[in-house]
Amino acid sequence: MQWVEEKKTRYSQLVAMNEWMKKGPLEWKNYTYKEVRVTASEKEYKGWVLTTDPVSANIVLVNFLEDGSMTVTGIMGHAVQTVETVNEGDHRVREKLMHLFTSGDCKAYSTEDLEERKNSLKKWLEKNHIPITEQGESQRTLCVAGVLTIEPPYGPENCSSSNEIILSRVQDLIQGHLAASQ
């Protein structure tokens, strides 16, 4: 009887795991900068989602400790059983997470500069017949054909896609745009 229960438990875990893997990069991105509880390989993890890998579905969680330090945990996408949002976070947490791994000499852009860069890039991509939309609550993310996203400050390194061919071509277009606008 115990064997049957173990099989049922394992089957329900596989079904749950498959639910996470069935999602795509744009759905995984909705968890970014939110506090989540992740169950993976029968262990529970809690932390702020820094990023998810668009190919493997791996999740990177950050926890801020009381002494001012932090821990970073990577969870393999194939092991994920459930992901539950615990806290939506606020702009302070988002900013802290966004700047975790940037160097002190990283150029900061004003809101107006970012809007100008976004609009300029959007016009350039449209001119090159690339289907582009804006997405997200603040319409800051550019989305190309539903398979590639471009985050501020809208450079080639700010592109994300699981399709390497599209990623490379769009990055080349952005590089050309930046070269032409300087």
Checklist entry - Applying side-chain hydrogen bond (donor to acceptor under 3.5 Å, both in side chains), which residue pairs with at least one partner in residues 162-172 are found, sequence neighbours left out? => result none
Next on the checklist: According to side-chain hydrogen bond (donor to acceptor under 3.5 Å, both in side chains), does anything in residues 48-62 pair up with another residue at least two apart or in another chain? List the pairs.
Outcome noted: Asp53-Ser56, Ser56-Asn58
Item to check | Non-neighbouring partners of Glu95 that pass salt bridge (Lys or Arg N to Asp or Glu O under 4.0 Å), sequence neighbours left out | outcome: none
Next on the checklist: Going by the rule side chain to side chain donor-acceptor pair (under 3.5 Å), which residues pair with Thr149 if we only count those two or more places apart in sequence or in a different chain?
Outcome noted: none
Checklist entry - Hey, does the side chain of Asn119 reach the backbone of Glu115 with a donor-acceptor pair shorter than 3.5 angstrom? => result yes
Item to check | salt bridge (Lys or Arg N to Asp or Glu O under 4.0 Å) partners of Asp90, counting only residues at least two apart | outcome: Arg92
Checklist entry - Which pairs with one or both residues in residues 136-174 pass ring-ring contact (aromatic ring centres under 6.0 Å, His included), sequence neighbours excluded? => result none
Which atom pairs, one a donor and one an acceptor, fall under 3.5 Å between side chains of residues 126-134 and the rest of the protein, sequence neighbours left out?
unit_1, atom_1, unit_2, atom_2, d
Asn128, ND2, Trp124, O, 2.8
Glu134, OE1, Lys118, NZ, 3.0
Glu134, OE2, Lys122, NZ, 3.1

Checklist entry - Taking only residues two or more places apart in sequence or in another chain, which ones pass salt bridge (Lys or Arg N to Asp or Glu O under 4.0 Å) with Glu66? => result none
Item to check | Under 3.5 Å donor-acceptor, Ser181 side chain and His177 backbone | outcome: yes
Checklist outcome for this item: Applying salt bridge (Lys or Arg N to Asp or Glu O under 4.0 Å) to Glu44 and not counting sequence neighbours gives Arg37
Next on the checklist: Quick check on the hydrophobic clustering: are Met98 and Val62 connected, directly or via other members, by side-chain heavy-atom contacts under 4.5 Å?
Outcome noted: yes
Item to check | Listed partners of Tyr31 passing ring pair (Phe, Tyr, Trp, His ring centres under 6.0 Å), at least two apart | outcome: Trp20
Next on the checklist: Please list all pairs meeting salt bridge (charged side-chain N to carboxylate O under 4.0 Å, His left out) that have one or both residues in residues 139-155, counting only residues at least two apart or in different chains.
Outcome noted: Lys29-Glu151
Checklist entry - Excluding sequence neighbours, so at least two apart, what forms side chain to side chain donor-acceptor pair (under 3.5 Å) with Glu157? => result none
Next on the checklist: Checking the side chain of Arg94 only, and the main-chain atoms of Tyr33 only, is there a donor and an acceptor separated by less than 3.5 Å?
Outcome noted: no
